[in-house]
Amino acid sequence: MNVEYQRCEGAELHTSDGRRIVDFNSGYCVHNIGHNHPRLVAALKQELDLAGPAMLQSHVSGLAGELAERLCTLAGGKLRKAFFACSGSEGIETVIKFARAHTRRPGILYAANGFHGLTCGALSLMSNGYWKDGFGPFLPDTESTPFGDLEDLERKLATKRFAAFVLEPVQGESGVREPPRTYLENAQTLCRKYGTLLALDEVQTGFYRTGLFLAAHHYRVEPDMVVLAKAISGGLIPCSAVLMSDEICSSVYSSLKRAFVHTSTYSENALAMRAGLTTLDILEDEQLGARAAVQGEKLRASLRERLLKYEMIADIRGIGLLGAIEFKPPRSLLLRAPFKSFNLIHPGMFGQVVVMRLFRDHGILSQICGNDFMSLKVAPPLIVTDEQIDHYVSAVEAVVNDMHSSPGFWSEPLGIASRVLASV
Ligand code: PLP
């Protein structure tokens with residue numbers, strides 16, 4: 001899949017050898033407005049031409065104030081302040097520190113099977129050993145609770161050890177899993193009862209990916225903190241933001257002496273802030289939230305109609321344009337043996353063969369979920385067209401049909417794997 005790209009525009013990537021690839025991964029939910037949106041490119045060129053104070057760290061950045069105000073207004077509830085950083089992981093680190101400073105408690109509770117980034121603090125809030133093995137020790141006083149289990153959550157919150165409960169409102173990498181309908185609302189009530197902050201990781205779900213500005217808005221929750229990243233700056237400049245209440249912000253920057261206790265060198269740089277403001281303009285002017293909701297429904301309806309008849313399809317789910325096609329092990333004897341061989345070589349091999357087939361044979365860029373190797377993520381840019389959706393659905397159907405009927409689907413990768421194994 002490592003091809004040479006020449007030009008990336010909207011939802012399409014063009015390679016130097018003349019192939020058209022349709023992006024159904026969006027850089028893991030970065031490219032909500034599409035690749036290299038011309039308005040964003042123009043705004044950044046204009047910002048550079050200004051030769052302004054792009055990165056001083058000695059003055060108050062007007063652009064950062066403007067972006068903070070717009071993000072907080074869109075997020076609503078008690079979110080009134082923003083801390084800017086450069087990645088989602090750095091946003092999670094900020095949540096850990098600010099929640100501890102505000103509550104004076106050491107513990108952080110997190111939902112099992114989530115994904116929060118690969119710095120040591122973020123890894124401390126993840127249960128999947130694949131990401132953690134060999135990198136410990138991690139933060140003490142962190143503990144997981146099963147996603148959706150209110151009884152376990154209350155038992156743990158009642159210890160009053162936890163500064164924050166951190167989770168994705170819809171778990172992306174664990175296979176695009178929505179919570180039970182009232183889980184988040186009840187979790188919020190429990191967090192308030194026991195003095196724990198509710199911190200939502202909306203790094204993948206934010207910026208209208210699920211149809212609304214935040215996924216939290218589907219579940220009527222008002223979190224104390226929200227982490228945003230990825231789509232915030234249209235895919236061109238690293239940026240993230242942690243939104244929080246006035247009170248949490250004041251707990252950290254509580255005196256003149258503590259005015260710099262938490263900073264990040266590039267946090268409010270003018271290009272990132274301009275990118276954030278222009279990305280919001282584009283999302284709003286092109287009504288990409290409403291579009292994500294409509295195109296997402298259309299995409300899922302079409303996938304269900306064409307795929308559910310196949311034995312290895314377990315589920316097609318999603319919200320807005322964050323979706324997944326979940327596969328299951330085959331029942332029939334003919335498919336069971338090669339599937340087992342794939343699994344013996346690597347548990348992720350089946351998914352990667354699907355991804356590779358879509359890419360090589362049909363010009364579709366996609367990926368398997370990081371914590372669920374049997375779920376194929378379906379996340380095109382929010383500007384995806386009907387024609388691109390039709391192309392995707394036909395491509396997936398062709399690959400799924402092949403895995404059920406063509407021995408080549410299984411034998412070709414097994415041949416490659418045996419040659420690799422023989423050479424080591
Ligand atoms: N949170 C979620 C839900 C993510 O999907 C990711 C990255 O994929 C992160 C946090 C970490 O973001 P970053 O890679 O920008 O550090």
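Ligands are counted one by one from 1 in listed order, and the atoms in each one are counted from 1 as well. Numbers for residues simply follow the sequence, beginning at 1.
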Asp372 bridged to Arg177 by N-O distance under 4.0 Å: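 Result for this pair is yes, salt bridge flagged.
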Please work out which of the three classes, parallel, tilted or perpendicular, describes the rings of Phe350 and Phe327, given edges at 30° and 60°.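 Perpendicular: the ring planes of Phe327 and Phe350 meet at over 60°.
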Would the His262 and Phe83 ring centres measure less than 6.0 Å apart?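 Distance test on ring centres: under 6.0 Å, yes.
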In order of chain and number, which residues sit within 4.0 Å of ligand 1 by heavy atom?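 Residues within 4.0 Å of ligand 1: Ser87, Gly88, Ser89, Phe115, His116, Gly117, Glu168, Asp201, Val203, Gln204, Lys230.
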If you measure from CG on Asp386 to NZ on Lys298, what distance do you get to the nearest 0.5 Å?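 Answer for the CG-NZ pair, Asp386 versus Lys298, is 3.5 Å.
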Cut-off 3.5 Å, side chains only: do Ser251 and Arg104 have a donor facing an acceptor?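 Per modelled atom types, Ser251 and Arg104 side chains form no pair under 3.5 Å.
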Does NZ or CZ of Lys132 come closer than 6.0 Å to the centre of the six-membered ring of Phe138, within 45° of the ring's axis?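 Geometry flag: set, cation within 6.0 Å and 45°.
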